[in-house]
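One structure is given below, encoded as structure tokens.
Lettering of chains follows the sequences in order, A, B, ..., and the numbering in each one begins at 1.
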Amino acid sequence: MRVGVLCSTKWGTLDMVAQLTTGERQLAIVVLSLVALLGLAMAAAGRADPIGVHGFIVLAICCGLIFVVLGAYYAPEPSPERLEHYYDDPSKVGIVLTMAWAVVGMFLGVWVASLLAWPDLTFDAAWASFGRLRPAHTSAVIFGFGGNALIATSFHVLQRTSRARLPDQFSPWFVLIGYNLFCVVAATGYFMGVTQSKEYAEPEWYADIWLVVVWVTYFAIYIRTLARRKEPHIYVANWYYMAFILVVAILHIVNNLAVPVSFGHAKSYSVFSGVQDAMVQWWYGHNAVAFFLTAGFLGMMYYYLPKRAGRPIYSYRLSIISFWGITFMYMWAGSHHLLYTALPQWVQTLGMTFSLILLVPSWASAGNALATLNGAWHKVRDDATLRFMMAAAVFYGLTTFEGSFLAIRPVNSLSHYTDWTVGHVHAGALGWVALITFGSIYCIVPWLWKRERMYSARLVEVHFWLAIIGTVIYVFAMWNSGIIQGLMWRTYNENGTLTYSFVESMVAMHPYYIARAFGGLLFLMGAIVGSYNIWMTIRGEAEVAPESADLPEPRLASAPGE
Amino acid sequence: MEVGERDPVTGQLTTGHEWNGIKELYTPVPRVVILFLVLTTLFAVGYWILMPAWPLGRTYTKGLLGVDQKTTVERQVEEATAERALWTKRIDEMDFPAIRADPALMETVREAGATLFKDNCAACHGARGTGGKGFPDLTAAAWLWGGNPETIVETLRVGINSAHDETRVSQMLAFGRDGILSLAQINDVRAYVQSLGGSTEPTVASPEAVSRGKEVFVANCVACHGEDAKGKQDVGAPDLTDANWIYGGDSQSIHTSIYSGHQGQMPSWEQRLSTTQRKILALYVLSLSEKRS
């Protein structure tokens with residue numbers, strides 16, 4: 001049994017390589033060799049520095065992948081018939097990676113949450129300190145889980161809504177594997193203490209440059225596929241996916257402009273300093289939320305929700321208003337992270353006012369999604385997969401309302417630097433991002449692996465309730481904790497001195513920190529149940545054309561020159 | 001454009017486009033969306049007119065209300081300081097006995113002192129001031145440098161073994177590590193110290209060892225701890241006869257103290273806390289030990 005599983009996954013990998021043309025196999029080996037050499041150079045130049053360790057990691061991963069490609073190098077050329085079908089192998093691997101990162105990232109989340117409740121859990125080891133584990137958690141969930149989900153689903157959606165095959169079979173792999181290499185370098189770096197100390201932009205210069213290369217390739221795939229589309233119009237989901245890719249590239253490049261100490265050192269210094277640095281960082285930080293965690297996942301929602309519900313999008317015109325409202329308004333909102341700071345007040349004003357207007361297109365998007373379900377509410381009741389997506393839209397609405405509310409100056413004076421912010425972020429990250437991702441994955445897995453349905457509908461239901469209860473516990477704990485904190489910090493005695501010390505506010509937080517860790521644990525358990533269900537679905541044998549998958553479409557726009 | 005079809009559920013027409021089975025309705029934008037878009041935009045424009053908002057090259061629109069966060073916070077700090085001055089001025093001007101004789105003022109001192117203490121002192125001395133291993137218990141009235149308010153406020157100002165120019169300096173030599181005493185002598189003097197009655201463990205050594213230890217004590221320790229071993233406040237040396245131990249009063253801890261010595265540190269608070277705040281803290285700390293006794 002065990003051997004059988006191993007063999008089937010092994011052959012799966014080799015089958016995937018055999019799908020590449022000989023030219024693509026050669027290209028893969030050349031590119032992997034070049035990156036391996038780059039790793040070797042890093043290892044040599046950074047002998048006494050963490051960058052050297054990263055060099056060895058890059059070298060090892062590339063060498064491993066070269067062996068994988070060589071394993072099927074002499075396999076026969078793939079049949080030209082493949083060009084009649086969508087190319088889904090990278091999406092399949094991406095979905096598996098998504099769930100792996102979900103479990104790792106959420107486990108780290110439960111760990112850091114427990115550290116806050118029981119600070120002695122660091123084992124007196126530097127790598128296990130809060131400051132190193134916390135970015136490992138945020139990067140693993142945002143970039144590992146969220147990013148892989150976006151890449152995997154975007155390839156899937158792009159082909160189907162363009163009725164065109166991906167332009168070639170090498171570059172999607174380059175994007176997927178290159179991106180995960182970035183994630184691995186980022187996460188391992190944190191444990192070694194490598195960080196730029198910029199929230200959500202912690203990876204150092206060499207990882208950042210690599211991500212730019214990967215990201216430009218990603219955008220090129222999008223443009224090349226859309227250029228060959230057979231549908232006259234570009235579907236809304238693709239507007240959002242493209243906005244996500246394009247803007248994240250801009251944000252990433254600008255915020256990470258830095259000068260390395262040397263090519264043999266991981267450390268670099270930002271070209272920005274002082275309040276300019278803060279402003280660039282939060283322009284990046286807030287738009288990472290906007291374009292990575294919102295636009296990208298709205299793209300996901302716009303495909304899988306109507307597909308699963310079997311309903312048309314409620315309003316095309318509302319989609320237009322929402323899209324341009326969101327993309328335009330978010331760009332201004334970053335300075336609401338710096339209210340009451342040294343940032344000039346006029347910049348703060350612009351951040352606050354645009355954040356308020358932003359609520360309208362945000363709710364319009366959430367409303368458009370929910371109204372799309374009109375005529376399909378009985379399915380929401382019966383189908384946990386669709387319910388995941390419905391709940392995601394509700395949480396999206398709640399979180400964007402809360403976001404605009406927290407951007408109001410006097411509200412921010414209470415909420416800033418408290419756990420309320422943490423609660424807000426997780427209402428979005430758990431309630432919106434993770435729920436829409438799980439819903440979409442439960443759609444896509446049977447479609448991609450040609451199974452009739454998920455292995456167990458019951459387990460999807462279990463996952464749904466674990467996720468919802470976990471999120472609600474988490475968010476309520478942080479609301480309580482944050483508001484109590486904020487109030488304690490601003491309570492004065494009659495004589496004009498502070499009533500509470502900082503330590504007393506920490507003591508008051510303790511029960512909520514335990515509740516938060518428990519809520520997170522439930523959410524993690526849901527992700528583990530989901531991973532098991534997905535794994536069992538993939539392992540299943542039945543090769544049935546699943547219901548409501550792709551429309552029969554004999555002539556795809558195939559690769560150029562074919 | 002292709003003609004759309006009518007959706008039976010909503011009665012709306014579709015746009016006529018289709019992507020892998022997904023269609024879109026051509027539903028008009030609901031009025032409420034336009035309404036809120038207008039309302040929020042109007043609010044934003046109004047806010048821009050009233051507050052600092054748009055950049056104009058080297059300057060920016062100041063706003064009709066003339067609000068500026070920097071001057072606002074300066075004014076608020078000034079106002080709060082003026083309000084607190086009602087009682088802080090009295091603390092500054094009055095001497096310690098006078099303040100302590102004023103119950104209403106002492107009430108304020110205890111209230112303000114508690115938060116100050118927890119924010120600045122509790123990390124070492126504990127939230128209740130009871131200390132811990134290596135950090136003196138401030139409620140025990142076992143003062144290393146003296147327990148009158150003037151002395152305490154001076155200790156707060158200069159610190160102990162701190163970076164301050166006038167720091168209080170106190171060091172117990174590493175008698176064992178530096179080879180001043182042999183291990184046998186250390187064992188003897190430890191036995192003697194334990195025999196003084198303060199140790200948490202009674203000595204099990206022979207009377208001979210204790211008397212040998214006394215000789216070692218007289219030769220090496222009395223300069224700081226005094227002939228009666230009750231300590232000397234002018235050099236910050238603790239009383240060895242009472243039950244208060246900074247580094248532990250059991251046999252092993254006393255041994256370690258003699259062997260490795262001590263150079264405890266307390267930072268100087270002159271740069272960090274105002275004169276008034278240090279005065280409040282001195283009174284508060286004193287009130288902790290008085291409350292206990």
Residue [X] excluded, over 12 heavy atoms near [atom1] under 6.0 Å:
X: W324(A); atom1: CH2; result: no
X: F36(B); atom1: CZ; result: no
X: E74(B); atom1: CD; result: yes
X: R75(B); atom1: CZ; result: yes

Side chain, backbone, both or neither of [X] within contact of chain A (heavy atoms, under 4.5 Å):
X: D68(B); value: both
X: A80(B); value: neither
X: I22(B); value: side chain
X: P28(B); value: both
X: V67(B); value: both
X: A53(B); value: both
X: F43(B); value: side chain

So, does [X] use its side chain to make a donor-acceptor pair with the main chain of [Y] at under 3.5 Å?
X: R317(A); Y: V29(B); value: no
X: T40(B); Y: I357(A); value: no
X: S501(A); Y: D119(B); value: no
X: W346(A); Y: T61(B); value: no

Euclidean distance, [Y] [atom2] relative to [X] [atom1], rounded to 0.5 Å:
X: E24(B); Y: R311(A); atom1: CD; atom2: CZ; answer: 13.5 Å
X: T349(A); Y: Y60(B); atom1: OG1; atom2: OH; answer: 9.5 Å
X: E18(B); Y: R163(A); atom1: CD; atom2: CZ; answer: 9.5 Å
X: E504(A); Y: K118(B); atom1: CD; atom2: NZ; answer: 3.5 Å

Region of [X] in contact with chain B, defined by heavy-atom distances below 4.5 Å:
X: L343(A); result: backbone
X: I234(A); result: backbone
X: T341(A); result: backbone
X: E231(A); result: side chain
X: T499(A); result: backbone
X: F354(A); result: side chain
X: Y500(A); result: backbone

Take R160(A) and W19(B) through the test side-chain contact (heavy atoms from CB on, under 4.5 Å) and record every step on the way to the result. CA-CA 7 Å; R160(A) 279 148 186 86; W19(B) 297 270; over 6 Å; no
Is there a side-chain hydrogen bond (donor to acceptor under 3.5 Å, both in side chains) between N20(B) and Y235(A) once you walk through the steps? CA-CA 10 Å; N20(B) 201 31; Y235(A) 182 53; over 6 Å; no
Taking a cut-off of under 4.5 angstrom between non-hydrogen atoms, the residues of residues 368-376 of chain A near chain B are N374(A), G375(A)
What closest approach, in Å, do E111(B) and N495(A) show between heavy atoms, and which atom pair accounts for it? OE1-ND2, 2.8 Å
Between Y340(A) and Q69(B), what is the shortest heavy-atom contact and its length? CA-OE1, 3.6 Å
W87(B)/T497(A) under side-chain contact (heavy atoms from CB on, under 4.5 Å): CA gap, chis, key distance, verdict: CA-CA 11 Å; W87(B) 57 272; T497(A) 57; 3.7 Å; yes
Please report the C-alpha distance between Q12(B) and Y316(A) in whole Å, then the side-chain angles of each, then the deciding distance to 0.1 Å, and finally whether the side-chain contact (heavy atoms from CB on, under 4.5 Å) criterion is met. CA-CA 11 Å; Q12(B) 296 288 340; Y316(A) 167 66; over 6 Å; no
Among V347(A), L498(A), L358(A), single out the residue with the greatest number of heavy-atom pairs under 4.5 Å to chain B. L498(A)
Winner by heavy-atom pair count (cut-off under 4.5 Å) against chain B, out of L318(A), L350(A), V503(A): L350(A)
For T353(A) and W48(B), run side-chain contact (heavy atoms from CB on, under 4.5 Å): C-alpha distance rounded to whole Å, both residues' side-chain angles, the deciding distance at 0.1 Å, then the answer. CA-CA 8 Å; T353(A) 47; W48(B) 295 340; 2.9 Å; yes
When only pairs under 4.5 Å are counted, which of A44(B), P55(B), A123(B), A114(B) shares the most heavy-atom pairs with chain A? P55(B)
Is the shortest side-chain heavy-atom distance between L25(B) and I313(A) below 4.5 Å? no
